[in-house]
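Numbers restart at 1 for each chain; the letters A, B, ... are given by sequence-line order, proteins then strands.
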Protein chains: 2
Amino acid sequence: MKSIDKHNKIILSATKVFAKKGFFNARISDIAKEAKVADGTIYLYFNNKFDILISVLEEEIGKIIEQIKRAIENEPDAKTMLEIFVTKHLSAMKNNKHLAEVIHMELRQSDRLVKEYRNNTFRSYINLISEIIQRGQEQKIFRQDIAPGIAKRAFFGALDEVTRVWTDANVTHYTLEETTEQILALFRSGLLASPAAGKN
Amino acid sequence: MKSIDKHNKIILSATKVFAKKGFFNARISDIAKEAKVADGTIYLYFNNKFDILISVLEEEIGKIIEQIKRAIENEPDAKTMLEIFVTKHLSAMKNNKHLAEVIHMELRQSDRLVKEYRNNTFRSYINLISEIIQRGQEQKIFRQDIAPGIAKRAFFGALDEVTRVWTDANVTHYTLEETTEQILALFRSGLLASPAAGKN
DNA sequence: GGTAAATGAATGAATGTCCATTCATTCTCG
DNA sequence: CGAGAATGAATGGACATTCATTCATTTACC
(Lines give C-alpha, C1' and ligand atoms only; values in the text may rest on other atoms or scores of the structure.)
Protein backbone atom coordinates (compact mmCIF):
# COMPACT_ATOMS: atom_id res chain seq x y z
CA MET A 1 0.00 0.00 0.00
CA LYS A 2 1.20 3.47 -0.78
CA SER A 3 1.99 4.63 2.70
CA ILE A 4 1.38 8.05 4.18
CA ASP A 5 4.76 7.58 5.79
CA LYS A 6 6.48 7.51 2.45
CA HIS A 7 4.55 10.55 1.34
CA ASN A 8 5.79 12.42 4.37
CA LYS A 9 9.30 11.15 3.98
CA ILE A 10 9.38 12.53 0.46
CA ILE A 11 7.95 15.87 1.59
CA LEU A 12 10.59 16.17 4.29
CA SER A 13 13.38 15.16 1.97
CA ALA A 14 12.17 17.58 -0.66
CA THR A 15 12.07 20.38 1.90
CA LYS A 16 15.64 19.64 2.80
CA VAL A 17 16.84 19.47 -0.78
CA PHE A 18 14.90 22.54 -1.92
CA ALA A 19 16.31 24.46 1.03
CA LYS A 20 19.83 23.48 0.12
CA LYS A 21 19.74 23.90 -3.64
CA GLY A 22 16.61 25.84 -4.49
CA PHE A 23 13.79 24.43 -6.53
CA PHE A 24 15.41 24.64 -9.95
CA ASN A 25 18.75 23.22 -8.94
CA ALA A 26 17.19 20.38 -7.02
CA ARG A 27 17.09 17.15 -8.97
CA ILE A 28 14.39 14.57 -8.53
CA SER A 29 17.16 12.08 -8.04
CA ASP A 30 18.49 14.17 -5.16
CA ILE A 31 15.14 14.05 -3.44
CA ALA A 32 14.81 10.34 -4.16
CA LYS A 33 18.23 9.63 -2.74
CA GLU A 34 17.55 11.72 0.36
CA ALA A 35 14.26 9.87 0.88
CA LYS A 36 15.91 6.54 0.12
CA VAL A 37 13.47 5.63 -2.65
CA ALA A 38 13.84 5.21 -6.39
CA ASP A 39 13.32 8.15 -8.71
CA GLY A 40 10.19 6.58 -10.12
CA THR A 41 8.65 6.13 -6.69
CA ILE A 42 8.37 9.88 -6.35
CA TYR A 43 5.86 9.81 -9.19
CA LEU A 44 3.64 7.36 -7.36
CA TYR A 45 3.07 10.08 -4.77
CA PHE A 46 3.33 13.31 -6.73
CA ASN A 47 2.37 14.35 -10.24
CA ASN A 48 5.54 16.24 -11.04
CA LYS A 49 8.35 18.23 -9.54
CA PHE A 50 6.30 21.34 -9.15
CA ASP A 51 3.59 19.44 -7.36
CA ILE A 52 6.15 18.49 -4.74
CA LEU A 53 7.00 22.12 -4.11
CA ILE A 54 3.37 23.13 -3.78
CA SER A 55 2.75 20.23 -1.43
CA VAL A 56 5.64 21.30 0.75
CA LEU A 57 4.28 24.81 0.95
CA GLU A 58 0.65 23.78 1.46
CA GLU A 59 1.18 21.06 4.02
CA GLU A 60 4.04 22.40 6.05
CA ILE A 61 3.15 26.08 6.10
CA GLY A 62 -0.50 25.17 6.41
CA LYS A 63 0.22 23.44 9.71
CA ILE A 64 1.92 26.52 11.11
CA ILE A 65 -0.78 28.87 9.95
CA GLU A 66 -3.49 26.75 11.53
CA GLN A 67 -1.58 26.50 14.76
CA ILE A 68 -1.13 30.26 15.05
CA LYS A 69 -4.71 30.98 14.07
CA ARG A 70 -5.99 28.72 16.80
CA ALA A 71 -3.68 30.16 19.42
CA ILE A 72 -4.82 33.66 18.62
CA GLU A 73 -8.52 33.45 17.98
CA ASN A 74 -9.68 33.33 21.58
CA GLU A 75 -7.38 35.99 22.87
CA PRO A 76 -9.21 39.22 23.65
CA ASP A 77 -6.30 41.65 23.89
CA ALA A 78 -4.71 42.79 20.63
CA LYS A 79 -1.36 43.48 22.23
CA THR A 80 -1.19 39.88 23.47
CA MET A 81 -2.35 38.59 20.11
CA LEU A 82 0.57 40.31 18.47
CA GLU A 83 2.92 38.86 21.01
CA ILE A 84 1.61 35.36 20.36
CA PHE A 85 1.92 35.86 16.64
CA VAL A 86 5.55 36.91 16.83
CA THR A 87 6.48 34.20 19.29
CA LYS A 88 4.83 31.41 17.34
CA HIS A 89 6.05 32.57 13.97
CA LEU A 90 9.65 32.95 15.03
CA SER A 91 9.79 29.70 16.96
CA ALA A 92 8.16 27.78 14.11
CA MET A 93 10.79 29.09 11.73
CA LYS A 94 13.60 28.44 14.15
CA ASN A 95 12.42 24.87 14.61
CA ASN A 96 12.14 24.18 10.92
CA LYS A 97 14.97 25.96 9.21
CA HIS A 98 14.70 23.99 6.00
CA LEU A 99 11.11 25.05 5.63
CA ALA A 100 11.99 28.63 6.50
CA GLU A 101 14.52 28.66 3.72
CA VAL A 102 12.07 27.22 1.23
CA ILE A 103 9.62 29.95 2.17
CA HIS A 104 12.21 32.64 1.66
CA MET A 105 13.16 31.41 -1.74
CA GLU A 106 10.16 29.90 -3.32
CA LEU A 107 7.50 32.27 -2.13
CA ARG A 108 9.29 34.94 -4.11
CA GLN A 109 9.25 33.03 -7.35
CA SER A 110 7.58 34.84 -10.18
CA ASP A 111 6.13 31.60 -11.41
CA ARG A 112 2.40 31.84 -12.02
CA LEU A 113 1.53 28.78 -9.97
CA VAL A 114 3.53 29.95 -6.98
CA LYS A 115 1.86 33.35 -7.21
CA GLU A 116 -1.51 31.69 -7.17
CA TYR A 117 -0.56 29.78 -4.09
CA ARG A 118 0.65 32.95 -2.45
CA ASN A 119 -2.69 34.52 -3.18
CA ASN A 120 -4.59 32.01 -1.15
CA THR A 121 -3.19 30.20 1.84
CA PHE A 122 -0.46 32.68 2.38
CA ARG A 123 -2.52 35.79 1.95
CA SER A 124 -4.77 34.76 4.78
CA TYR A 125 -1.72 34.40 6.96
CA ILE A 126 -0.54 37.95 6.40
CA ASN A 127 -4.06 39.22 6.80
CA LEU A 128 -4.03 37.80 10.30
CA ILE A 129 -1.66 40.62 11.13
CA SER A 130 -3.83 43.41 9.80
CA GLU A 131 -6.81 41.93 11.60
CA ILE A 132 -4.88 42.08 14.84
CA ILE A 133 -3.93 45.67 14.17
CA GLN A 134 -7.51 46.66 13.41
CA ARG A 135 -8.65 44.98 16.56
CA GLY A 136 -6.08 46.97 18.50
CA GLN A 137 -7.27 50.19 16.92
CA GLU A 138 -10.85 49.42 17.87
CA GLN A 139 -9.66 48.76 21.40
CA LYS A 140 -7.90 52.14 21.28
CA ILE A 141 -4.61 50.59 22.33
CA PHE A 142 -3.03 50.97 18.86
CA ARG A 143 -2.61 54.28 17.09
CA GLN A 144 -5.41 55.19 14.73
CA ASP A 145 -3.13 56.74 12.11
CA ILE A 146 -1.37 53.50 11.17
CA ALA A 147 -2.71 51.86 8.01
CA PRO A 148 -3.14 48.16 8.76
CA GLY A 149 -2.70 47.32 5.07
CA ILE A 150 0.82 48.71 5.06
CA ALA A 151 1.73 47.75 8.60
CA LYS A 152 0.89 44.08 8.01
CA ARG A 153 3.48 43.93 5.26
CA ALA A 154 6.09 45.80 7.19
CA PHE A 155 5.51 43.46 10.07
CA PHE A 156 5.67 40.28 8.07
CA GLY A 157 8.67 41.52 6.12
CA ALA A 158 10.51 42.27 9.33
CA LEU A 159 9.81 38.83 10.77
CA ASP A 160 10.76 37.14 7.55
CA GLU A 161 14.03 38.94 7.10
CA VAL A 162 15.02 38.50 10.73
CA THR A 163 14.45 34.82 10.21
CA ARG A 164 16.55 34.67 7.09
CA VAL A 165 19.84 35.03 8.93
CA TRP A 166 19.09 31.91 10.88
CA THR A 167 19.31 29.93 7.68
CA ASP A 168 22.53 31.60 6.58
CA ALA A 169 24.70 28.79 7.92
CA ASN A 170 27.32 30.35 10.21
CA VAL A 171 26.61 31.85 13.57
CA THR A 172 23.31 32.79 15.09
CA HIS A 173 24.02 36.15 16.62
CA TYR A 174 20.80 36.53 18.51
CA THR A 175 18.70 34.03 20.37
CA LEU A 176 15.09 33.33 19.62
CA GLU A 177 13.99 35.06 22.82
CA GLU A 178 16.11 38.11 22.21
CA THR A 179 14.84 38.45 18.65
CA THR A 180 11.24 38.08 19.75
CA GLU A 181 11.70 40.73 22.41
CA GLN A 182 13.39 43.15 20.05
CA ILE A 183 10.81 42.83 17.30
CA LEU A 184 8.02 43.37 19.77
CA ALA A 185 9.77 46.35 21.34
CA LEU A 186 10.37 47.90 17.95
CA PHE A 187 6.86 47.49 16.64
CA ARG A 188 5.21 48.47 19.89
CA SER A 189 7.11 51.65 20.64
CA GLY A 190 9.42 52.41 17.76
CA LEU A 191 12.94 53.70 17.67
CA LEU A 192 12.49 57.11 19.17
CA ALA A 193 13.44 57.71 22.74
CA SER A 194 10.42 59.29 24.37
CA PRO A 195 11.51 61.85 26.94
CA ALA A 196 7.93 62.37 28.14
CA ALA A 197 6.44 58.89 28.29
CA GLY A 198 7.78 56.20 30.58
CA LYS A 199 9.22 53.00 29.19
CA ASN A 200 6.98 50.41 27.63
CA MET B 1 33.71 48.07 -31.46
CA LYS B 2 31.81 46.34 -28.74
CA SER B 3 29.65 49.19 -27.58
CA ILE B 4 28.82 50.07 -24.00
CA ASP B 5 25.35 50.81 -25.33
CA LYS B 6 24.83 47.21 -26.27
CA HIS B 7 26.12 46.06 -22.92
CA ASN B 8 23.53 48.26 -21.23
CA LYS B 9 20.81 47.20 -23.58
CA ILE B 10 21.46 43.60 -22.66
CA ILE B 11 21.52 44.40 -18.95
CA LEU B 12 18.20 46.19 -19.17
CA SER B 13 16.63 43.46 -21.26
CA ALA B 14 17.90 40.82 -18.88
CA THR B 15 16.48 42.74 -15.91
CA LYS B 16 13.12 42.79 -17.62
CA VAL B 17 13.19 39.11 -18.56
CA PHE B 18 14.49 37.96 -15.16
CA ALA B 19 11.78 39.99 -13.46
CA LYS B 20 9.11 38.39 -15.60
CA LYS B 21 10.25 34.79 -15.58
CA GLY B 22 12.84 34.46 -12.86
CA PHE B 23 16.44 33.54 -13.53
CA PHE B 24 15.95 29.85 -14.18
CA ASN B 25 12.97 30.19 -16.47
CA ALA B 26 14.56 32.97 -18.46
CA ARG B 27 16.13 31.74 -21.68
CA ILE B 28 19.14 33.37 -23.22
CA SER B 29 17.11 33.56 -26.40
CA ASP B 30 14.45 35.54 -24.51
CA ILE B 31 17.01 38.08 -23.43
CA ALA B 32 18.52 38.20 -26.89
CA LYS B 33 15.15 38.77 -28.47
CA GLU B 34 14.26 41.48 -25.96
CA ALA B 35 17.58 43.21 -26.64
CA LYS B 36 17.21 42.69 -30.37
CA VAL B 37 20.53 40.92 -30.77
CA ALA B 38 21.49 37.37 -31.70
CA ASP B 39 21.88 34.74 -29.01
CA GLY B 40 25.58 34.54 -29.65
CA THR B 41 26.06 38.27 -29.22
CA ILE B 42 25.22 37.93 -25.57
CA TYR B 43 28.40 35.92 -25.13
CA LEU B 44 30.53 38.71 -26.53
CA TYR B 45 29.50 40.78 -23.53
CA PHE B 46 29.02 38.23 -20.77
CA ASN B 47 30.68 34.97 -19.87
CA ASN B 48 27.51 33.02 -19.17
CA LYS B 49 23.96 33.31 -18.03
CA PHE B 50 24.91 33.64 -14.40
CA ASP B 51 27.33 36.41 -15.18
CA ILE B 52 24.41 38.40 -16.59
CA LEU B 53 22.51 38.07 -13.34
CA ILE B 54 25.45 39.15 -11.24
CA SER B 55 26.05 42.09 -13.55
CA VAL B 56 22.44 43.17 -13.17
CA LEU B 57 22.72 43.02 -9.40
CA GLU B 58 26.12 44.68 -9.22
CA GLU B 59 25.55 47.48 -11.66
CA GLU B 60 21.95 48.39 -11.04
CA ILE B 61 21.77 47.92 -7.30
CA GLY B 62 25.24 49.34 -6.96
CA LYS B 63 24.04 52.62 -8.41
CA ILE B 64 21.23 52.87 -5.90
CA ILE B 65 23.41 52.00 -2.96
CA GLU B 66 25.98 54.59 -3.91
CA GLN B 67 23.33 57.23 -4.36
CA ILE B 68 21.82 56.62 -0.95
CA LYS B 69 25.19 56.45 0.75
CA ARG B 70 26.14 59.82 -0.66
CA ALA B 71 22.84 61.43 0.26
CA ILE B 72 23.19 60.29 3.83
CA GLU B 73 26.82 60.67 4.72
CA ASN B 74 26.83 64.41 5.37
CA GLU B 75 23.62 64.52 7.30
CA PRO B 76 24.22 65.09 11.01
CA ASP B 77 20.84 64.09 12.42
CA ALA B 78 20.08 60.36 12.64
CA LYS B 79 16.36 60.87 12.42
CA THR B 80 16.75 62.71 9.13
CA MET B 81 19.19 60.09 7.87
CA LEU B 82 16.57 57.44 8.42
CA GLU B 83 14.02 59.51 6.60
CA ILE B 84 16.33 59.94 3.63
CA PHE B 85 17.07 56.25 3.59
CA VAL B 86 13.41 55.26 3.47
CA THR B 87 12.52 57.89 0.91
CA LYS B 88 15.36 57.03 -1.43
CA HIS B 89 14.98 53.30 -1.10
CA LEU B 90 11.28 53.28 -1.75
CA SER B 91 11.40 55.70 -4.64
CA ALA B 92 14.28 53.84 -6.26
CA MET B 93 12.28 50.62 -6.11
CA LYS B 94 9.12 52.31 -7.33
CA ASN B 95 11.00 53.76 -10.29
CA ASN B 96 12.57 50.49 -11.27
CA LYS B 97 10.06 47.76 -10.70
CA HIS B 98 11.83 45.21 -12.84
CA LEU B 99 14.94 45.60 -10.76
CA ALA B 100 12.92 45.48 -7.56
CA GLU B 101 11.48 42.18 -8.64
CA VAL B 102 14.87 40.76 -9.49
CA ILE B 103 16.09 41.77 -6.06
CA HIS B 104 13.18 40.06 -4.37
CA MET B 105 13.72 36.84 -6.22
CA GLU B 106 17.36 36.47 -6.85
CA LEU B 107 18.73 37.82 -3.63
CA ARG B 108 17.02 34.91 -1.92
CA GLN B 109 18.57 32.27 -4.09
CA SER B 110 20.54 29.69 -2.21
CA ASP B 111 23.11 29.55 -4.97
CA ARG B 112 26.61 29.93 -3.65
CA LEU B 113 27.58 32.71 -6.02
CA VAL B 114 24.50 34.74 -5.21
CA LYS B 115 25.19 34.31 -1.52
CA GLU B 116 28.69 35.57 -2.03
CA TYR B 117 27.37 38.61 -3.77
CA ARG B 118 24.89 39.19 -0.98
CA ASN B 119 27.73 39.04 1.49
CA ASN B 120 29.54 41.96 -0.06
CA THR B 121 27.82 44.77 -1.85
CA PHE B 122 24.50 44.06 -0.28
CA ARG B 123 25.71 43.58 3.25
CA SER B 124 27.15 47.04 3.32
CA TYR B 125 23.79 48.37 2.29
CA ILE B 126 21.94 46.82 5.19
CA ASN B 127 24.70 47.86 7.52
CA LEU B 128 23.99 51.44 6.59
CA ILE B 129 20.81 51.04 8.58
CA SER B 130 22.45 49.78 11.72
CA GLU B 131 25.01 52.56 11.46
CA ILE B 132 22.22 55.09 11.37
CA ILE B 133 20.60 53.49 14.39
CA GLN B 134 23.83 53.50 16.34
CA ARG B 135 24.35 57.12 15.47
CA GLY B 136 20.87 57.89 16.77
CA GLN B 137 21.60 56.08 19.99
CA GLU B 138 24.79 58.07 20.49
CA GLN B 139 22.79 61.23 19.89
CA LYS B 140 20.32 59.98 22.51
CA ILE B 141 17.40 60.39 20.16
CA PHE B 142 16.95 56.64 19.63
CA ARG B 143 16.22 54.19 22.41
CA GLN B 144 19.26 52.51 23.90
CA ASP B 145 17.59 49.13 24.33
CA ILE B 146 17.12 48.42 20.63
CA ALA B 147 19.76 46.11 19.14
CA PRO B 148 20.91 47.69 15.88
CA GLY B 149 21.85 44.27 14.53
CA ILE B 150 18.28 43.04 14.74
CA ALA B 151 16.60 46.33 13.95
CA LYS B 152 18.52 46.73 10.70
CA ARG B 153 17.05 43.47 9.42
CA ALA B 154 13.57 44.24 10.60
CA PHE B 155 13.83 47.59 8.91
CA PHE B 156 15.14 46.29 5.64
CA GLY B 157 12.67 43.42 5.64
CA ALA B 158 9.80 45.81 6.14
CA LEU B 159 10.90 48.05 3.28
CA ASP B 160 11.49 45.10 1.03
CA GLU B 161 8.16 43.44 1.66
CA VAL B 162 6.24 46.68 1.34
CA THR B 163 7.90 47.09 -2.02
CA ARG B 164 6.99 43.63 -3.17
CA VAL B 165 3.31 44.40 -3.65
CA TRP B 166 4.22 47.08 -6.14
CA THR B 167 5.55 44.41 -8.46
CA ASP B 168 2.52 42.17 -8.03
CA ALA B 169 0.87 43.41 -11.18
CA ASN B 170 -2.65 44.52 -10.24
CA VAL B 171 -3.45 47.57 -8.21
CA THR B 172 -1.17 49.71 -6.13
CA HIS B 173 -3.16 50.31 -3.01
CA TYR B 174 -0.94 52.87 -1.44
CA THR B 175 1.07 55.70 -2.94
CA LEU B 176 4.78 56.11 -2.56
CA GLU B 177 4.32 59.07 -0.22
CA GLU B 178 1.78 57.32 1.93
CA THR B 179 3.95 54.23 2.24
CA THR B 180 7.00 56.29 3.14
CA GLU B 181 5.06 58.14 5.80
CA GLN B 182 3.60 55.00 7.29
CA ILE B 183 6.89 53.16 7.48
CA LEU B 184 8.54 56.11 9.15
CA ALA B 185 5.68 56.54 11.58
CA LEU B 186 5.76 52.87 12.47
CA PHE B 187 9.49 52.63 13.03
CA ARG B 188 9.74 55.94 14.84
CA SER B 189 6.94 55.51 17.33
CA GLY B 190 5.52 52.03 17.00
CA LEU B 191 1.99 50.75 17.10
CA LEU B 192 1.04 51.61 20.63
CA ALA B 193 -1.08 54.61 21.31
CA SER B 194 0.78 56.62 23.93
CA PRO B 195 -1.61 58.26 26.33
CA ALA B 196 1.20 60.14 28.06
CA ALA B 197 3.52 61.33 25.31
CA GLY B 198 2.39 63.79 22.65
CA LYS B 199 2.41 62.76 19.02
CA ASN B 200 5.66 62.57 17.11
C1' DG C 1 41.24 59.30 -53.73
C1' DG C 2 40.63 54.56 -54.57
C1' DT C 3 41.34 49.68 -54.26
C1' DA C 4 42.49 45.78 -51.62
C1' DA C 5 43.36 43.48 -47.32
C1' DA C 6 42.44 43.00 -42.47
C1' DT C 7 39.61 43.23 -38.63
C1' DG C 8 36.32 41.79 -35.39
C1' DA C 9 31.38 42.35 -34.21
C1' DA C 10 27.39 39.90 -35.09
C1' DT C 11 24.84 35.98 -36.39
C1' DG C 12 22.12 31.73 -35.58
C1' DA C 13 22.28 26.85 -36.61
C1' DA C 14 24.41 22.91 -34.51
C1' DT C 15 26.08 20.53 -30.44
C1' DG C 16 26.12 18.36 -26.15
C1' DT C 17 24.50 17.98 -21.63
C1' DC C 18 21.30 17.70 -18.22
C1' DC C 19 17.34 15.90 -16.07
C1' DA C 20 12.15 15.30 -15.54
C1' DT C 21 9.33 11.82 -16.67
C1' DT C 22 8.02 7.17 -18.30
C1' DC C 23 7.49 2.31 -18.26
C1' DA C 24 8.98 -2.53 -18.66
C1' DT C 25 10.42 -5.30 -15.16
C1' DT C 26 11.06 -7.00 -10.48
C1' DC C 27 9.74 -7.39 -5.84
C1' DT C 28 6.65 -7.91 -1.77
C1' DC C 29 3.24 -9.58 0.92
C1' DG C 30 -1.50 -11.09 1.87
C1' DC D 1 -0.21 -16.95 -6.99
C1' DG D 2 -1.55 -12.19 -8.04
C1' DA D 3 -2.13 -7.28 -7.51
C1' DG D 4 -0.18 -3.38 -6.34
C1' DA D 5 4.25 -1.05 -5.00
C1' DA D 6 8.82 -0.09 -6.15
C1' DT D 7 12.66 0.14 -9.14
C1' DG D 8 16.01 2.45 -12.18
C1' DA D 9 17.48 2.38 -16.97
C1' DA D 10 15.94 4.57 -21.11
C1' DT D 11 13.76 8.40 -23.48
C1' DG D 12 13.01 12.84 -25.20
C1' DG D 13 12.88 17.63 -24.94
C1' DA D 14 14.79 21.84 -23.44
C1' DC D 15 18.30 25.07 -23.58
C1' DA D 16 23.13 27.06 -22.57
C1' DT D 17 26.97 27.49 -25.13
C1' DT D 18 29.96 27.16 -29.26
C1' DC D 19 31.84 28.35 -33.62
C1' DA D 20 32.07 28.62 -38.70
C1' DT D 21 30.55 32.10 -41.47
C1' DT D 22 29.04 36.77 -42.96
C1' DC D 23 29.75 41.50 -43.72
C1' DA D 24 30.30 46.36 -42.43
C1' DT D 25 34.01 49.16 -41.23
C1' DT D 26 38.77 50.43 -40.84
C1' DT D 27 43.48 50.43 -42.26
C1' DA D 28 47.31 50.27 -45.61
C1' DC D 29 49.34 51.13 -49.67
C1' DC D 30 49.82 52.97 -54.46
Side-chain angles (χ1 to χ4, degrees), chain A residues 1-59 102 105-106 109-114 116-117, chain B residues 1-59 102 105-106 109-114 116-117:
Chain A
M1 188 199 56
K2 291 204 296 179
S3 73
I4 188 76
D5 266 15
K6 200 158 281 185
H7 174 100
N8 278 335
K9 198 159 77 172
I10 294 171
I11 288 269
L12 288 182
S13 303
T15 307
K16 205 181 281 186
V17 175
F18 286 157
K20 183 166 179 199
K21 304 190 151 193
F23 178 73
F24 291 104
N25 286 322
R27 276 168 295 170
I28 291 293
S29 59
D30 293 334
I31 299 173
K33 191 191 272 181
E34 178 76 37
K36 295 194 175 63
V37 298
D39 294 13
T41 306
I42 304 270
Y43 289 88
L44 298 176
Y45 294 86
F46 300 92
N47 296 325
N48 51 49
K49 192 183 174 189
F50 200 81
D51 187 35
I52 306 175
L53 174 62
I54 293 300
S55 300
V56 166
L57 294 175
E58 279 290 336
E59 295 179 30
V102 175
M105 273 190 290
E106 305 312 336
Q109 275 305 322
S110 65
D111 193 292
R112 200 188 104 259
L113 289 176
V114 174
E116 267 164 27
Y117 167 72
Chain B
M1 188 200 54
K2 294 203 295 181
S3 73
I4 187 78
D5 266 16
K6 199 156 282 185
H7 174 99
N8 278 335
K9 198 158 77 172
I10 294 171
I11 288 268
L12 289 181
S13 302
T15 307
K16 206 180 281 185
V17 175
F18 286 157
K20 184 167 178 196
K21 304 190 151 194
F23 177 73
F24 292 103
N25 286 322
R27 276 168 294 170
I28 290 292
S29 59
D30 292 335
I31 299 173
K33 192 193 268 183
E34 177 75 37
K36 294 194 176 65
V37 298
D39 294 14
T41 306
I42 304 271
Y43 289 87
L44 297 176
Y45 293 87
F46 300 92
N47 296 326
N48 51 48
K49 191 182 172 188
F50 199 81
D51 187 35
I52 306 176
L53 174 62
I54 293 300
S55 300
V56 166
L57 294 176
E58 278 289 337
E59 294 180 28
V102 175
M105 274 189 289
E106 306 311 336
Q109 275 306 320
S110 65
D111 193 292
R112 200 189 104 258
L113 288 176
V114 174
E116 267 165 25
Y117 168 71

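- The separation between B:I42 atom CD1 and C:dG12 atom P is 13 Å, rounded to whole Å.
- To the nearest 0.5 Å, atom OG1 of residue B:T15 and atom CG of residue B:L57 are 8.5 Å apart.
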With B for base contact, S for sugar-phosphate-only contact and - for none (protein heavy atoms under 4.0 Å), nucleotides 14-21 of chain D reads -SSBB---
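- Nucleic acid contact for A:K33: none, since no nucleic acid atom lies under 4.0 Å from a heavy atom of the residue.
- The phosphate of C:dA9 (OP1 or OP2) has no side-chain N or O of B:Y45 nearer than 4.0 angstrom.
- Put simply, CG on A:D51 is 14 Å from C1' on C:dA20, counting in whole angstrom units.
- With hydrogens and angles disregarded, no donor-acceptor distance shorter than 3.5 Å links the side chain of B:Q109 to the backbone of A:G22.
- Separating the OH atom in A:Y45 from the CD1 atom in A:I52 is a distance of 13.0 Å, to the nearest 0.5 Å.
- For the pair A:V17 and A:D30, the tightest heavy-atom approach, listed with the atom from each and the gap, is CG1-CB, 3.9 Å.
- Using cut-offs of 30° and 60° on the angle between ring planes, the pair A:F23 and A:F18 is tilted.
- Rounded to an integer number of Å, the gap from CG of B:L44 to C1' of C:dG8 is 9 Å.
- Side-chain N or O atoms of B:K36 include none that pairs as donor or acceptor with a backbone N or O of B:K9 at under 3.5 Å.
- Distance A:D30 CG to C:dC18 P: 13 Å, rounded to the nearest Å.
- Nucleotide D:dG8 holds its C1' atom 18 Å from the NZ atom of A:K36, rounded to whole Å.
- Rounded to whole Å, atom C1' of D:dA5 lies 12 Å from atom CD1 of A:I10.
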